Amino acid sequence: MGKVKTRFAPSPTGWLHLGNARTAIFSYLFAKHHGGRLVLRIEDTDRERSKKEFETAIIEDLKWLGIDWDEGPYRQSERFEIYKKYVDLLLEKGYAYRCFCTQEELEAEREKAKKEGRPYRYNGKCRHLSKEEIEKNLKEGKPYTIRFKVPDGREIVFNDLIKGEVRFNVNDFGDFVIVRSDGSPVYNFVVVIDDAIMGITHVIRGEDHLSNTPKQILLYEALGFPIPKFAHLPIILGEDRSKLSKRHGAVSVRQYRIDGYLPEALLNFLSLLGWYPKDGKEILSKEELIERFDLEDIHNAPAVFNREKLHWMNGVYIREVLDLDDLTQRVINYLKQYGEKLSPEDQKVAKEILKKPFGYVKEVVSKVRDSFFTLKEFPQRAKPFFLEEYTLSPEAEKQIEKATPEVAKNITQLFLEKVKKAETFGGEEFKKAAKEVSKELKLKPGMVFKTLRIALTGETQGVGLDLLADVVGKDSVIKRLERFLTLLK
RNA sequence: GCCCCCGUCGUCUAGCCCGGUCUAGGACACCGCCCUUUCAAGGCGGAGAUCGCGGGUUCAAAUCCCGCCGGGGGCGCCA
């Protein structure tokens, strides 16, 4: 294969969608696998809907995901001069013509076709306007679009790298618009010019573009450009098997970022939607993905987006892949950046976390890293390490009632004595003291631990208490126990 | 309606091109057991797909051929 060049061409009309992100990833992986280059091009010919904020956000999220490009970003809105040259060329050579039909007229046509149950196609009314008529219309200042003259009866056949041979009959669509009445060129047109000029060898995009391809091939031919290879990716589906969209919940990369997902995990997961490595290895770094990725291994059925598996995979990155320092730093950064999006309770914890030195946070992370799946879940999990003054959870209250407050008190008091007597108090001492209490009061160890858990954290479940004691130490343990005793009264 | 794409456990998928090794493999989720001071994590095991359906071809089909059905996408002066 010659020098590979791919492109990612988002339109800045919304946040970076998971489906588009996956297209970007595949384009990137493919280019890098073949030692090629990736171009980023912003498709903002639609002035109405394109927003600079979205462009900025998309770029940011791409970088966050770890996708970097070698050229661009180019903006189509800045290239209108270039496109104009080609419009003139097409007009001159008779491949295109001015169409003075109004939008109302066309709308009526469409309606009529629908009513009669036949497919709509532009009727070619302005195709054969005489020179005089055109001149007259022009002189009158009538607005016009420019349409491409679709040759009659052609069959377009191309070999899609994923779908295989695909055939379209050109008669299924009429002469299509390439320049709007406001003078701005349309996607189907500029995409061809840009891909050609920029030397794109492989056009990788969503399957929703498949039916645009024959129109574009016609344009390539008319313009005398070489035709690139096409690869149409199956789309991503929601749980109900329709195209993944907002009504399926979070669909933007940004939302997952806010929800505490790691870019590596999201990249990894998205890569596995419709593609599978030959060796079956699922947890893959960017480098490993590049090494293994090829278009041939793309499955051609659409894939349902499975949030649960993403969640699991993010957990794998948290507990197994990232090294401790890195993970800790990410937790801190996340809390700084998105802390205000957390629940009020988690925000309280987050505030405390950010007050602590890195080393302390790191120690906590090491104790709880196998029990949280997203960065967002960290404060909840790590709460006892940062908040000495808790409020009892309803479950905890219930349990104390059940065990009777007297028993809880006895356990706590005896345990407290032992803590006070100890020189230092860490995990080992904790276990030893708890067992002694159990023996001396003739209570089941489970009962003792349950009570102490509530006394120390206010919760009925959470991290190992020995781990907690290890980190917070003797003074904090005493403080909590004494406070619990006052809570019992 | 027309055009195009797709169809293996609930989900992601391996296998399909080059028929037998597939009593269809792995992962997530699910269930059980173990570990255990709880929740997780981890270890072990289990259930789960007559390979959309129906015909062929063949000694043999998830794998090749045909038809049907089902799902999805596209039919714009959106991309």
Side-chain angles (χ1 to χ4, degrees), chain A residues 9-13 20 43-46 48-50 99 101-103 106-107 110 113-114 116-122 143-147 160 162-164 166-169 171-174 176-182 184-188 191 205-214 232 234-235 237 239 241-243 269 272-278 280-283 297 299-313 315 319-320 368-373 381 430-431 434-435 438 444-454 457 459-466:
Chain A
S11 78
T13 54
N20 292 133
E43 313 240 302
D44 56 354
T45 59
D46 185 342
E48 295 272 306
R49 300 198 305 151
S50 298
C99 170
C101 296
T102 66
Q103 294 202 44
L106 297 173
E107 195 47 52
R110 229 189 307 272
K114 205 175 165 188
E116 289 169 17
R118 62 184 161 82
Y120 168 75
R121 208 170 307 149
Y122 175 62
Y144 62 89
T145 60
I146 296 172
R147 286 183 187 269
D160 188 275
I162 293 168
K163 303 291 175 193
V166 182
R167 298 167 173 274
F168 284 94
N169 192 317
N171 284 353
D172 291 330
F173 44 84
F176 54 91
V177 171
I178 57 175
V179 178
R180 299 185 183 89
S181 51
D182 69 357
S184 63
V186 145
Y187 162 79
N188 259 327
V191 73
R205 68 209 336 184
E207 197 186 306
D208 40 348
H209 288 277
L210 191 60
S211 46
N212 282 324
T213 310
H232 288 95
I235 59 163
L237 270 27
E239 321 281 337
R241 307 210 124 256
S242 68
K243 196 175 175 182
F269 180 75
L272 258 28
L273 243 38
W275 173 79
Y276 207 71
K278 285 203 169 69
K281 192 170 182 243
E282 291 198 311
I283 303 297
D297 301 322
H299 189 74
N300 42 16
V304 173
F305 181 68
N306 183 189
R307 263 186 199 84
E308 276 176 340
K309 188 158 180 177
L310 203 211
H311 195 251
W312 163 79
M313 191 174 277
R319 80 182 89 92
E320 291 171 26
V368 302
R369 72 184 298 179
D370 52 12
S371 68
F372 67 105
F373 288 75
R381 246 354 247 196
F430 180 92
K431 282 193 256 187
K435 275 173 195 151
S438 146
K444 282 187 183 168
M447 179 54 117
V448 174
F449 278 104
K450 268 187 199 173
T451 305
L452 290 176
R453 173 173 302 286
I454 294 170
T457 68
E459 303 282 344
T460 55
Q461 50 172 259
V463 264
L465 294 173
D466 55 328

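Below, chain A is the first sequence line, B the second, and so on; all start at residue 1. The structure presented is a predicted model; accordingly, all values stated were derived computationally and were not measured.
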Across the strands shown, which category fits [X] at heavy-atom distances under 4.0 angstrom: base, sugar-phosphate, nothing?
X: A:D466; answer: base
X: A:H209; answer: base
X: A:K163; answer: sugar-phosphate
X: A:S184; answer: nothing

Exercise for review: Please measure how far the P atom in B:C33 lies from the corresponding atom in B:A40, and state the result in whole Å.
Suggested key: 13 Å
Think [X] has a side-chain N or O under 4.0 angstrom from the OP1 or OP2 of [N]?
X: A:R205; N: B:G73; answer: no
X: A:N300; N: B:G7; answer: yes
X: A:R307; N: B:C28; answer: no
X: A:K243; N: B:G74; answer: yes
X: A:S242; N: B:G71; answer: no
X: A:R167; N: B:C4; answer: no

Do [X] side-chain and [N] base share a donor-acceptor contact under 3.5 Å?
X: A:R381; N: B:C39; result: yes
X: A:N188; N: B:A79; result: no
X: A:S371; N: B:C39; result: no

- request: Assign the ring pair A:F269 / A:F305 to parallel, tilted or perpendicular, where the plane angle (0 to 90°) is split at 30° and 60°.
  value: perpendicular
Please write out the pairs of protein N or O atoms and N or O atoms of nucleotides 10-16 of chain B separated by less than 3.5 Å, giving the distance to one decimal.
from  : atom 1 : to     : atom 2 : distance (Å)
B:C12 : OP1    : A:V304 : N      : 2.9
B:C12 : O2'    : A:L272 : O      : 3.1
B:U13 : OP1    : A:G274 : N      : 2.3
B:A14 : OP2    : A:H299 : ND1    : 2.7

Here the pair of heavy atoms bringing A:T45 nearest to A:Y187 is OG1-N, 4.1 Å
Atom CG of A:D370 and atom C1' of B:U38 are separated, to the nearest Å, by 14 Å
To the nearest angstrom, the CD1-C1' distance between A:I162 and B:G73 comes to 15 Å
G-U wobble or Watson-Crick pairing nucleotide for [N] (cut-off 3.5 Å, both distances):
N: B:G10; result: B:C28
N: B:C64; result: B:G56
N: B:G48; result: none

Distances for protein N/O vs nucleotides 32-36 of chain B N/O pairs under 3.5 angstrom?
none

